[in-house]
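Below: the structure, in structure tokens.
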Amino acid sequence: MKPILLSIFLILIGHVVFAEVPLRLAVAGLSHGHVDWIFNRKDKKDVVVIGIYETNPELIDHYANRYQLDKALFFTDLHEMLDEVKPDAVSAFGAINEHVAVVRACAPRRIHVMVEKPLATTVADAKEINELAERYKIHVLTNFETSWYESNQQIKDILEEGQLGEIRKVLVNDGHQGPKEIGVSKEFLEILTDPAKNGAGALVDFGCYGANLMTWLMNGERPLSVTAVIHQNKPDIYKDVDDEATIVLQYPKAQCLIQASWNWPFSRKDMEVYGTKGYAIALDATTLQQRLQGNNKEERKKLPARSAPFDDPFSVLAAVVSGSLVLNKLDLYGLTINCTVVEILDAAMQSAKQKRTVFLK
């Protein structure tokens, strides 16, 4: 594998010059609505796109025209692209159930992978991804928008400092008006409304955030049980998947309520953490409300955005692959946390279908 970060020291007129080689990134799929992120970061020089895999000619034409991309970048065969351009890493922007196929192709070639949330649609796929990553010594990261939130990081910090005491209750609210209502592309809508491709509807699309954050707050601890209730408020639009989901995670001394919805009147991603000594609420990425033991009133803080490279998922990927950033084993992006996330979501889907609480083994 070619190194990503090379220290090239050139002695020129008594000066030392440092050159940083950007991450050579290939894109696998263009159907996921978040793929535009990689084409809208031209102010950053840490990543260069060297290949794009996609089989849909309409999507190829759309992105080639929209971002003035050379058609030579595009491939309709994933393995051919990997062998020809030899990327350092691949970012997967297809359906969730396709993540395992991308890792199967990349792992034996020692190519690192970043996928959009969640990691997989089934526990079996998540386990296979984890086994491939371990066998071939590659990084597999899962990108969640809430990983970029400084407010969430601050809550984790004060929790670890003991200022909140022990967690007793966590509420995570995520969602928007609905994918069709906010105008996602037809290709992305097809993924989100296909239970085979996405696993479920709002339960997976937005329930994954709460599962990710709670597992992180609990330092990787798995819940004792998972209970989920789903509903279709708009069966004429979302006839095959849920558009409303509530998930309850029960731990020995803590409970997490995850509210995932395609029915909110506006977009939201917020979290409330209640402990034995106080509470903290992440209202958005940079707004934190808290009341700690000994305080007579609630405090509200405006925080700065997360510092680089944590302000951009592709910068995180580049830093991890280069070795300049070593993530904690229980990081929000990591496989340990995200395999548990898939287990929680799988149990939630079982619970909703069977109308009972599912106890984890």
Side-chain angles (χ1 to χ4, degrees), residues 34 37 117-118 141-177 205-221 223 246-249 251 253-261 264-313 315-316 319 325 327-334 337-338 340-341 344:
H34 297 168
W37 293 339
K117 55 80 183 172
L141 307 184
T142 304
N143 177 42
F144 286 79
E145 179 187 338
T146 45
S147 300
W148 323 337
Y149 286 17
E150 180 62 22
S151 54
N152 291 336
Q153 299 297 319
Q154 291 281 333
I155 289 177
K156 177 71 165 174
D157 288 345
I158 63 174
L159 176 64
E160 292 185 342
E161 291 165 3
Q163 295 186 62
L164 292 178
E166 293 184 1
I167 290 178
R168 289 293 180 262
K169 175 83 79 174
V170 175
L171 284 73
V172 187
N173 304 305
D174 290 288
H176 50 44
Q177 299 93 321
D205 186 32
F206 283 114
C208 63
Y209 287 99
N212 178 255
L213 289 166
M214 187 60 177
T215 306
W216 176 61
L217 292 173
M218 297 296 288
N219 295 316
E221 183 178 350
T246 300
I247 306 169
V248 179
L249 310 182
Y251 297 81
K253 290 186 177 181
Q255 192 176 87
C256 178
L257 180 68
I258 300 169
Q259 299 188 113
S261 178
W264 294 119
F266 48 80
S267 179
R268 65 184 298 185
K269 288 187 177 73
D270 51 83
M271 177 174 72
E272 305 172 32
V273 180
Y274 298 89
T276 54
K277 294 182 179 179
Y279 66 81
I281 303 172
L283 292 174
D284 55 36
T286 57
T287 307
L288 180 67
Q289 288 182 190
Q290 64 182 40
R291 183 174 178 182
L292 305 178
Q293 204 168 61
N295 291 356
N296 292 324
K297 60 181 181 180
E298 185 178 78
E299 297 177 277
R300 186 183 179 110
K301 298 180 179 181
K302 195 64 181 176
L303 308 170
R306 289 201 77 186
S307 58
F310 296 104
D311 58 338
D312 181 289
S315 294
V316 169
L325 173 65
L327 294 176
N328 183 294
K329 183 180 180 182
L330 296 176
D331 190 85
L332 286 163
Y333 280 92
I337 293 289
N338 285 295
T340 299
V341 169
I344 289 170

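When reading the values below, keep in mind they use all heavy atoms of this one structure, side chains included, and skip hydrogens, waters and symmetry mates.
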Contact summary for [X] and [Y], nearest pair of heavy atoms:
| X | Y | value |
| --- | --- | --- |
| Gly210 | Val172 | CA-CG1, 3.7 Å |
| Asp270 | Leu283 | CB-O, 3.7 Å |
| Leu288 | Ser151 | CD1-O, 4.2 Å |
| Pro118 | Thr142 | C-CG2, 4.0 Å |
| Met218 | Ala254 | CE-CB, 4.3 Å |
| Ala211 | Thr215 | O-OG1, 2.7 Å |

Using 0.5 Å steps for rounding, measure from the [atom1] atom of [X] to the [atom2] atom of [Y].
| X | Y | atom1 | atom2 | result |
| --- | --- | --- | --- | --- |
| Asp157 | Gln163 | CG | CD | 9.5 Å |
| Trp216 | Ile155 | CH2 | CD1 | 8.0 Å |
| Leu332 | Leu217 | CG | CG | 8.0 Å |
| Phe266 | Gln177 | CZ | CD | 9.0 Å |
| Leu303 | Thr286 | CG | OG1 | 6.5 Å |
| Leu171 | Met214 | CG | CE | 10.0 Å |

_Heavy atoms from other residues, nucleotides or ligands near NZ of Lys277 exceed 12 (cutoff 6.0 Å)_ = no
Within the structure provided, determine whether [X] and [Y] are in side-chain contact (heavy-atom separation under 4.5 Å).
| X | Y | value |
| --- | --- | --- |
| Tyr209 | Met271 | no |
| Leu164 | Leu292 | yes |
| Arg306 | Asn152 | no |
| Val341 | Ile344 | no |

*Think Lys269 forms a cation-pi with Tyr149, using NZ or CZ under 6.0 Å from the six-ring centre and within 45 degrees of its axis?*
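No; the conditions do not both hold, so Lys269 does not lie above the ring face of Tyr149.
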*asked:* On the six-membered ring of Phe206, is Lys117 placed so that its NZ or CZ lies under 6.0 angstrom from the centre and within 45° of the ring axis?
replied: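 Yes, Lys117 sits over the ring of Phe206.
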*Leu213 and Phe144: CA distance, side-chain angles, deciding distance, side chain to side chain contact (heavy atoms under 4.5 Å, CB included) verdict*: CA-CA 10 Å; Leu213 289 166; Phe144 286 79; over 6 Å; no
*asked:* Among residues at least two apart in sequence or on other chains, which ones pass side-chain hydrogen bond (donor to acceptor under 3.5 Å, both in side chains) with Gln293?
replied: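 Once residues adjacent in sequence are excluded, Gln293 has no partner under the side-chain hydrogen bond (donor to acceptor under 3.5 Å, both in side chains) criterion.
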*How would you list all residue pairs meeting salt bridge (Lys or Arg N to Asp or Glu O under 4.0 Å) that involve residues 282-303, not counting sequence neighbours?*
none
_Assess the residue pair Asn338 and Asn212 against the criterion (side chain to side chain contact (heavy atoms under 4.5 Å, CB included)); give the C-alpha distance rounded to whole Å, side-chain angles, the decisive distance to 0.1 Å, and a yes or no._
CA-CA 7 Å; Asn338 285 295; Asn212 178 255; 3.2 Å; yes
*Name the one of Asn143, Asp312, Asp311 that satisfies side-chain hydrogen bond (donor to acceptor under 3.5 Å, both in side chains) with Trp148?*
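The single option meeting the side-chain hydrogen bond (donor to acceptor under 3.5 Å, both in side chains) with Trp148 is Asn143.
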